[in-house]
Amino acid sequence: MTTRSAGAIRSNGYESETELTTPRTVFNTATSLDGYIATADHSLDWLLSRESDEAGPMGFPEFLARVGAIVMGANTYQWILDNQGAQPWPYEVPCWVCTHRDFPARTDADIRFTCAEIPELHRTMTDMANGRDLWIVGGGELAGTFADYGLLDEIIVSVAPVTLGAGAPLLPRELELRVTEVAVNGEFACLRYGVVGDHS
Ligand SMILES: NC(=O)c1ccc[n+]([C@@H]2O[C@H](COP(=O)([O-])OP(=O)(O)OC[C@H]3O[C@@H](n4cnc5c(N)ncnc54)[C@H](OP(=O)(O)O)[C@@H]3O)[C@@H](O)[C@H]2O)c1
């Protein structure tokens, strides 16, 4: 388990230059205030209508520039196919989709379907990321599985001003966290946490 000591926190949320340059495994997602990343029927309408400034504090392009490999679950990938399938694949770095399904192979993007154990997948992604961060897109159970193996370093959430009452959970685990950055960006409260360890 990655453990971080308490210390002075810089304005960018990192404690030191070393921490700034050490690759991290980050779960970065948007969530409702009550901790859901999608409705029960996988709608993101509550999210996509919101305003934010990409160049503003904790903006997404700055995060993405540090990412060298991406992983997501089958439902998240299916959502992209269903809702953005007509558009070009939005990411340039390799993307792994964790699944037991038979998705059609892609020639237009570097997408790899896998049901490898998470530690093995993490090693493969780290090798491919060339010293850059790994981004867990979601869902919450997949991010939780990385945490189960001590392989989740950081959580970044953009909290939309809405409650959903039910849906796909943000992170169904007991984890001890340490807040390292807080910002308001448009309609979102943006929060960065280091993962300290298991709550138990
Ligand atoms: N708010 C946001 O910013 C945000 C971000 C990301 C996602 N989302 C949305 O949130 C929802 C997430 O759905 P979800 O919670 O069901 O999660 P998900 O991780 O997208 O999909 C879960 C499925 O992925 C496969 N899977 C997950 N972990 C696996 C593993 N270790 N090995 C092999 N297969 C694995 C399994 O499918 P199979 O075994 O059937 O293949 C599992 O049922 C989606 O609607 C997505 O669009 C929202």
Side-chain angles (χ1 to χ4, degrees), residues 25-52 54 58-64 67 69-87 89-91 93-106 111-126 133-152 154-173 175 183 185-193:
T25 302
V26 184
F27 180 31
N28 186 341
T29 185
T31 178
S32 67
L33 180 61
D34 54 345
Y36 297 105
I37 63 171
T39 63
D41 61 354
H42 295 290
S43 170
L44 296 181
D45 291 351
W46 55 275
L47 171 62
L48 299 176
S49 55
R50 307 285 166 184
E51 279 176 35
S52 69
E54 292 210 321
M58 296 183 70
F60 189 69
E62 187 183 345
F63 166 78
L64 195 59
V67 167
I70 294 173
V71 61
M72 65 181 66
N75 290 337
T76 299
Y77 180 65
Q78 187 64 55
W79 185 92
I80 295 172
L81 293 183
D82 293 345
N83 293 275
Q84 299 174 349
Q87 299 161 34
W89 181 250
Y91 309 115
V93 299
C95 174
W96 281 260
V97 176
C98 289
T99 187
H100 302 94
R101 303 173 206 178
D102 285 326
F103 286 106
R106 301 274 298 248
I111 298 171
R112 303 150 190 235
F113 303 100
T114 182
C115 56
E117 292 294 318
I118 294 300
E120 180 191 340
L121 174 60
H122 187 268
R123 276 192 299 276
T124 306
M125 291 178 66
T126 302
D133 291 344
L134 312 189
W135 174 29
I136 305 170
V137 182
E141 180 61 33
L142 179 62
T145 308
F146 276 79
D148 294 341
Y149 287 104
L151 295 172
L152 180 63
E154 193 168 77
I155 300 166
I156 301 173
V157 286
S158 298
V159 184
V162 63
T163 60
L164 298 175
L170 170 63
L171 187 52
R173 290 295 187 281
L175 294 174
N185 185 321
E187 294 186 68
F188 293 89
C190 303
L191 309 167
R192 184 193 303 268
Y193 296 93

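Counting starts at 1 for both ligands and their atoms, in listed order. On a predicted model such as this, the values are computed, not experimentally measured, just so you know.
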Hits for side-chain contact (heavy atoms from CB on, under 4.5 Å) against Thr99, two or more places apart or cross-chain, chain-then-number order -> Ala74, Val97, Arg101, Phe103, Phe113
Kindly list each side-chain donor-acceptor pair under 3.5 angstrom involving residues 134-142, sequence neighbours excluded, with atom names and distances?
from   : atom 1 : to     : atom 2 : distance (Å)
Trp135 : NE1    : Asn28  : O      : 3.0
Glu141 : OE1    : Arg173 : NH1    : 3.1
Glu141 : OE2    : Arg173 : NH1    : 3.4
Glu141 : OE2    : Arg173 : NH2    : 2.8

Within residues 114-124 or reaching into it, pairs that qualify as salt bridge (charged side-chain N to carboxylate O under 4.0 Å, His left out) - sequence neighbours excluded = none
Between the side chains of Ser43 and Asp41, does any donor sit under 3.5 Å from an acceptor?
-> no
Glu51, CD: over 12 other non-hydrogen atoms inside 6.0 angstrom | no
In a simple table, one pair per line, please give the protein and ligand 1 atom names for every N or O pair closer than 3.5 Å, along with the distance.
from     : atom 1 : to     : atom 2 : distance (Å)
ligand 1 : 1 (N)  : Ala30  : O      : 2.8
ligand 1 : 1 (N)  : Ile37  : O      : 2.9
ligand 1 : 3 (O)  : Thr29  : OG1    : 3.1
ligand 1 : 3 (O)  : Ala30  : N      : 3.1
ligand 1 : 16 (O) : Asn75  : ND2    : 2.6
ligand 1 : 19 (O) : Gly139 : N      : 2.8
ligand 1 : 20 (O) : Asn75  : N      : 3.4
ligand 1 : 20 (O) : Thr76  : N      : 2.8
ligand 1 : 20 (O) : Thr76  : OG1    : 2.6
ligand 1 : 21 (O) : Asn75  : N      : 3.1
ligand 1 : 24 (O) : Ala74  : N      : 2.9
ligand 1 : 26 (N) : Cys98  : O      : 3.4
ligand 1 : 34 (N) : Thr99  : N      : 3.3
ligand 1 : 39 (O) : His100 : ND1    : 2.6
ligand 1 : 40 (O) : Arg101 : NE     : 2.8
ligand 1 : 40 (O) : Arg101 : NH2    : 3.2
ligand 1 : 41 (O) : Thr99  : OG1    : 2.6
ligand 1 : 41 (O) : His100 : N      : 2.8
ligand 1 : 41 (O) : Arg101 : NE     : 3.3
ligand 1 : 45 (O) : His42  : ND1    : 2.6

Which distance, rounded to the nearest 0.5 Å, do you find between the CG of Leu191 and the CD1 of Ile156?
-> 10.5 Å
